[in-house]
Engineer: 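Just dropping this structure here.
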Number of protein chains: 2
Amino acid sequence: MESEGQGRAESSSSSERRPRVRRNVTAAIAQDICADRYPSGSPLPRENDLCELYGVSRTVIRESLKVLESKGLVRGKPRVGTTVCDRDEWNILDAEVLNWMGPYIKDFDLLGCILEARRTIEPAAAEYAAERASAQEIADLDKAWRQMRDSAGEPESFTDADLMFHTVLLTASHNQVFRRLSSAIHAALKYALHASNIAVENREDAVLVHGQLVEALRMRDKTGARECANRMLDLAVRDLAAAEKVIGRTR
Amino acid sequence: MESEGQGRAESSSSSERRPRVRRNVTAAIAQDICADRYPSGSPLPRENDLCELYGVSRTVIRESLKVLESKGLVRGKPRVGTTVCDRDEWNILDAEVLNWMGPYIKDFDLLGCILEARRTIEPAAAEYAAERASAQEIADLDKAWRQMRDSAGEPESFTDADLMFHTVLLTASHNQVFRRLSSAIHAALKYALHASNIAVENREDAVLVHGQLVEALRMRDKTGARECANRMLDLAVRDLAAAEKVIGRTR
DNA sequence: CCGCGATGAAGATCACCAAACTCACCACCT
DNA sequence: AGGTGGTGAGTTTGGTGATCTTCATCGCGG
């Protein structure tokens with residue numbers, strides 16, 4: 001109607017083509033939920049209000065809510081409204097959810113759980129990878145490792161390489177469950193590693209162990225791979241603890 | 001033959017009396033995809049055609065497609081069409097997806113992967129459960145175990161109890177990732193156990209090991225719990241192999 | 001061979017209708 | 001007279017269909 005605000009003709013001209021209005025709206029609502037703007041257990045505004053709040057039509061809002069519902073973030077009951085689900089009903093194994101939560105993960109509890117899971121899963125994945133990884137995958141791991149080695153002093157690059165390393169490792173396990181888990185954990189890892197890299201300055205030991213793991217995979221040494229993964233995770237535990245201390249002190 | 005298959009009506013919540021047309025449509029499309037009616041990599045019919053195929057309006061179709069897209073089953077490109085994603089892009093860690101796939105899991109590869117993952121995860125979860133399980137959770141496990149013990153000859157009841165047992169076990173680990181995984185694996189397990197219970201007649205050993213696990217948890221015996229879980233999974237491996245042989249012969 | 005427009009399909013909005021849940025009000029019973 | 005219970009209006013989500021916009025694609029013509 002009158003107030004528009006819905007960039008109709010001008011906004012689509014040159015700057016950003018946005019065929020994805022809905023995607024942004026979904027993310028926006030999700031992030032508002034993650035940021036506790038809409039606290040757990042309480043109702044969301046009415047759909048019509050959400051339309052105005054986010055400046056889109058009700059159809060878009062509804063599609064977004066359906067997606068959010070399918071990921072367990074909210075539960076829409078027929079004529080009573082949409083309420084935010086409790087955090088442990090969220091599908092935290094979904095990459096998108098984790099991405100939305102990422103910046104707002106305040107409790108180290110979740111990061112701890114993920115680390116615990118990694119501690120369980122990655123050694124096994126490394127072992128499977130030792131017998132199943134393709135040459136290409138080993139090469140990718142090696143490439144990621146070299147990037148880690150060469151990017152001392154560049155936390156950005158280091159984190160990227162680290163992420164790549166773990167993603168490829170899980171993929172190389174050739175287990176569909178682990179593979180999927182990797183894409184989910186990727187998101188959480190991004191923030192955990194970021195925190196770690198802030199807190200920990202000395203990454204040489206991590207580089208060393210990662211390199212040994214690649215070597216073990218190359219040798220198809222299952223037990224060696226498992227041990228390397230274990231040592232890698234020992235370091236991760238240490239780093240998370242350090243990060244927790246730093247972050248905890250900061251706030 | 002062609003339609004329905006919808007009969008398995010949500011074992012989850014009790015008063016599930018939501019009219020929910022869209023939910024059914026989403027499931028219908030998803031199951032058609034899982035049944036390879038729309039093969040991987042090929043385009044879905046146009047949205048307007050889907051409207052007629054499933055007898056609903058375009059809005060409902062679109063909401064369904066958005067949900068499906070958010071779970072990685074399909075990928076909608078702006079003005080090109082919606083295509084079915086490759087199977088390994090599907091979010092198989094999503095309970096709904098697994099439920100849709102369930103009846104159509106034809107490759108024992110996925111079941112094998114899940115079993116592999118369980119072999120990795122459940123012993124660790126058992127160990128964590130040994131130190132963290134609440135009295136209530138142990139009681140629930142005990143209850144599930146007794147139901148297993150007492151339902152010899154009733155595969156239905158036995159499977160239910162078995163499912164309950166593993167779900168509670170994962171929950172009792174008090175690790176959010178495992179917990180979430182449990183609700184996902186639950187769906188797959190349902191079909192795997194069903195197959196196993198058909199193929200294997202003697203469940204006494206399974207009952208025995210499950211009982212020992214409960215006992216270990218009660219004693220807070222971490223290594224004992226881990227060992228029991230390992231033995232449990234040895235049986236599961238055996239059972240899946242047996243099931244594979246039987247099913248493989250059947251078709 | 002290149003560009004230009006026609007075509008077509010998805011993205012997005014709007015205006016409805018339908019169903020059912022809420023709540024307040026009012027009548028009826030104790 | 002006061003509490004209980006039914007009823008009806010209003011509200012809110014579920015669902016439909018028409019309409020407009022925006023581009024990707026393809027074929028035609030310069």
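The structure presented is a predicted model; accordingly, all values stated were derived computationally and were not measured. No hydrogens, no waters, no symmetry mates; every other heavy atom, side chains included, goes into these values.
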Engineer: Salt bridge or not between B/Asp150 and B/Arg146? Use side-chain N to carboxylate O under 4.0 Å.
Structural biologist: no

Engineer: Go through A/Asp32 and A/Tyr54 one step at a time and tell me if the side-chain hydrogen bond (donor to acceptor under 3.5 Å, both in side chains) criterion holds.
Structural biologist: CA-CA 11 Å; A/Asp32 282 346; A/Tyr54 295 92; 2.6 Å; yes

Engineer: Check this for me, if you would: do B/Arg46 and B/Asp49 make a salt bridge, where the nitrogen-to-carboxylate-oxygen distance has to be below 4.0 angstrom?
Structural biologist: yes

Engineer: Would you mind listing every salt bridge (Lys or Arg N to Asp or Glu O under 4.0 Å) that reaches into residues 172-181 of chain B, with sequence neighbours excluded?
Structural biologist: none

Engineer: Rounded to whole angstrom units, what separation is found between the OH atom of B/Tyr54 and the P atom of D/dT16?
Structural biologist: 15 Å

Engineer: Can you measure A/Glu63 atom CD to D/dT13 atom P for me and round it to whole angstrom units?
Structural biologist: 16 Å

Engineer: Centres of the A/Phe165 and A/His210 rings: under 6.0 Å?
Structural biologist: yes

Engineer: Give the rounded distance in Å between these two atoms: CD of A/Glu52 and P of D/dT12.
Structural biologist: 13 Å

Engineer: Taking only residues two or more places apart in sequence or in another chain, which ones pass side chain to side chain contact (heavy atoms under 4.5 Å, CB included) with A/Thr82?
Structural biologist: A/Leu44, A/Leu65, A/Val74

Engineer: Distance check needed: C/dG11 C1' versus B/Leu65 CG, whole Å only.
Structural biologist: 13 Å

Engineer: Can you check the A/Ile61 CD1 to D/dT12 P distance for me, whole Å?
Structural biologist: 15 Å

Engineer: Output one line per pair: protein atom, nucleotide atom from nucleotides 7-10 of chain C, and distance, for all N/O pairs under 3.5 Å.
Structural biologist:
unit_1 : atom_1 : unit_2  : atom_2 : d
C/dA9  : OP2    : B/Arg46 : NE     : 3.3
C/dA9  : O5'    : B/Arg46 : NE     : 3.1
C/dA10 : OP2    : B/Glu47 : N      : 3.4
C/dA10 : O4'    : B/Pro78 : O      : 3.0
C/dA10 : O3'    : B/Pro78 : O      : 2.8

